[in-house]
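Quick note on labels: first sequence line is chain A, next is B, and so on, each numbered from 1.
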There are 2 protein chains.
Amino acid sequence: MTAAENNKPKRDTYRHGDLRNALIEAGLELAHQGGPEAVVLRAATRQAGVAPNAAYRHFTDRNALLHAVSQAAMAHLARTMEAEQAALPPTTDAAAAARARFRAVGTGYLRFAQEEPGLFRTAFHVPGDMTHAAADTAAGATGKTPFELLGAALDGLVEAGLLPEDRRPGAEFLAWSAVHGLAALLVDGPLRGLHPTQAHDAGQHVIDMIERGI
Amino acid sequence: MTAAENNKPKRDTYRHGDLRNALIEAGLELAHQGGPEAVVLRAATRQAGVAPNAAYRHFTDRNALLHAVSQAAMAHLARTMEAEQAALPPTTDAAAAARARFRAVGTGYLRFAQEEPGLFRTAFHVPGDMTHAAADTAAGATGKTPFELLGAALDGLVEAGLLPEDRRPGAEFLAWSAVHGLAALLVDGPLRGLHPTQAHDAGQHVIDMIERGI
DNA sequence: TCCGAATGTGGACATCGTACACAAAGGGTG
DNA sequence: CACCCTTTGTGTACGATGTCCACATTCGGA
């Protein structure tokens, strides 16, 4: 039996190859439609064509899987924010550019929340303890997490002279609070189902408030 | 068998009397420690000393029960905000009073989020559709929902001349976004476990930002 | 070549939400 | 007071889920 083609293995599922990532991918699909509570261990293994218990070779828990999916969703958010910045028209005015990059952080965040509510909720579903958004698994293409992207944009404002240096410390929490709050209200709060155009306007107003009040 | 004391009914559980409220109360207890996902139908009926299916005479769904619990938690939030306002020292300065009442809305909101994270998360757990925070079941002692309390405080700012009238429309969403966002970050975001003192400071900074940027 | 570690499978169990059929208590009408 | 219908709880049952345990297979070195 040296030939392998007719010597078919009794089980073709062994050595899936990359089951861990397959499960995360399945989890993302589930989270995409249904949010964190839809990330069901058995459903993920089913989608990966594998027995439920196989998951326990790669994750200690359903919670561990959910955590990994959450990180992946956070990375999606980071990429959306990066894309928003990358789509900015080029400018020679350094101050205008810094300001545009700052605003793009917020609009990208809000756009992701609206376009991918399931992933957004999953990204911020924190199952237990943790200092979530700081891990590198939550980073986007540039290697920055959403929080770091915000920090960089704020630094840009300071460099451009648009934000006094003494106002810089802690500013990320002010900006993040306002934008995240609006996102939460849009995704599953009383502002849910707002027309995308109106939601965009609301986002601009919130960012205006941040710029004034920061 | 005219006497009732020895004529004991075969089942003492019939006609609980107020099972619906007992279940909501049990649900609040569960939500208090464990948030919305801890509101388990069978656990609530158990605590009420009743068979699981009895719940279906008062709620169509586990979701309906959770919704009712959520409304009750929202009412708790409203009462906390009212208490925060009631504890304000009396002032003859009308403008200062209006401003203090406005800030108390925010600090009460944030205090509730920190002191009752389970109930806070439950209050904002929206299971499906809904225009949640507007129902009268979510109101506090004064009959106002959290959202209405905020609106009243903003009206007070306008009357006191602290907020230009043309800035009033939509202002609740700006203020709410900022405060709610901080609350979310404190309750299960990266700011979780912040020392109450630091959390209070962060809250004051956010409210400062709102006052400047609104 | 052989053997241990890694990876999947199968079966089992407690728990959960919920459907269906039944039982008892209460209230109204005669 | 008797009767019946509605309301409210009970009991049993089913499928789904997370997770535990024992077993099987495959892979990668010694």
Side-chain angles (χ1 to χ4, degrees), chain A residues 1-27 29-31 34-70 125 127-128, chain B residues 1-27 29-31 34-70 125 127-128:
Chain A
M1 289 209 214
T2 51
E5 56 266 23
N6 65 348
N7 178 17
K8 58 174 163 188
K10 300 206 176 94
R11 242 181 296 175
D12 59 347
T13 47
Y14 275 95
R15 294 304 122 114
H16 174 287
D18 198 9
L19 183 54
R20 174 170 223 277
N21 280 56
L23 289 174
I24 293 179
E25 215 58 36
E29 174 66 25
L30 292 168
E37 54 271 18
V39 179
V40 170
L41 194 148
R42 290 176 104 110
T45 58
R46 228 175 285 140
Q47 189 157 331
V50 122
N53 284 337
Y56 287 89
R57 300 296 169 188
H58 302 274
F59 302 96
T60 69
D61 239 4
R62 180 218 169 205
N63 236 317
L65 168 61
L66 180 52
H67 182 76
V69 174
S70 170
H125 175 93
Chain B
M1 288 209 214
T2 51
E5 56 266 20
N6 65 348
N7 180 15
K8 59 175 162 187
K10 300 205 176 95
R11 238 183 298 175
D12 58 349
T13 48
Y14 275 93
R15 294 303 125 115
H16 174 288
D18 198 9
L19 183 53
R20 185 191 162 86
N21 279 60
L23 290 174
I24 294 180
E25 213 60 36
E29 175 64 26
L30 292 168
E37 55 270 16
V39 179
V40 172
L41 195 148
R42 290 177 103 110
T45 57
R46 227 174 286 140
Q47 190 157 330
V50 123
N53 285 337
Y56 287 89
R57 299 297 170 189
H58 302 275
F59 302 97
T60 68
D61 239 4
R62 180 220 167 203
N63 237 317
L65 168 61
L66 181 52
H67 183 76
V69 174
S70 170
H125 176 92

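- Here D:dG18 presents its P atom at 13 Å from CD of A:Glu37, a figure rounded to the nearest Å.
- One can place CZ of B:Arg20 at 13 Å from P of D:dG9, the figure rounded to the nearest angstrom.
- The distance between atom CZ of B:Phe59 and atom C1' of C:dA19, rounded to the nearest whole Å, is 19 Å.
- Here the side chain of A:Arg57 is nearest to one of D:dC23, D:dG11, D:dG9, namely D:dC23.
- Atom CG in B:Asn63 sits about 17 Å away from atom P in C:dC16, given to the nearest Å.
- Following rounding to the nearest Å, B:Arg62 (CZ) and D:dT17 (P) show an atom-to-atom distance of 15 Å.
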Report task. Report the C-alpha separation of A:His125 and A:Leu66 in whole Å, then their side-chain angles, then the decisive distance to 0.1 Å, and conclude whether the side-chain contact (heavy atoms from CB on, under 4.5 Å) test is met. Result -> CA-CA 9 Å; A:His125 175 93; A:Leu66 180 52; 3.6 Å; yes
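- In terms of position along DNA chain C, the nucleotide closest to A:Pro52 lies nearer the 5' end than the nucleotide closest to the other residue of the pair B:Val39 and A:Pro52.
- One finds a side-chain N or O of A:Arg46 lying less than 4.0 angstrom from the OP1 or OP2 phosphate oxygen of D:dT17.
- Under the 4.5 Å side-chain criterion, counting only non-hydrogen atoms from C-beta, A:Glu29 is not in contact with A:Glu25.
- Note on B:Arg42: a base of the nucleic acid sits closer than 4.0 angstrom, heavy atoms only.
- Protein atom CD of B:Gln47 is 13 Å distant from nucleotide atom P of C:dC16, rounded to whole Å.
- Mapping A:Ala43 and B:Leu19 onto DNA chain D via the closest heavy atom, the residue that lands nearer the 5' end is B:Leu19.
- Checking side-chain atoms of B:Arg62 against main-chain N and O of B:Val39 turns up a donor-acceptor pair under 3.5 Å.
- The closest side-chain heavy-atom distance from B:Phe59 to B:Ile24 is below 4.5 Å.
- Taking only side-chain nitrogens and oxygens, A:Tyr56 comes nearer than 4.0 Å to OP1 or OP2 of D:dT19.
- For A:Asn53, taking side-chain heavy atoms from C-beta onward, the closest of the listed nucleotides C:dG10, C:dC16, C:dG8 is C:dG10.
- In terms of phosphate contacts, B:His58 brings a side-chain nitrogen or oxygen within less than 4.0 Å of OP1 or OP2 of D:dG9.
- For B:Ala54, the listed nucleotide lying nearest its side chain is D:dG9; candidates were C:dG17, D:dG18, D:dG9.
- B:Leu66 has its CG atom 13 Å from the C1' atom of C:dG17, to the nearest Å.
- If you measure from atom CG of A:Asp18 to atom C1' of C:dA6, you get 15 Å, rounded to the nearest angstrom.
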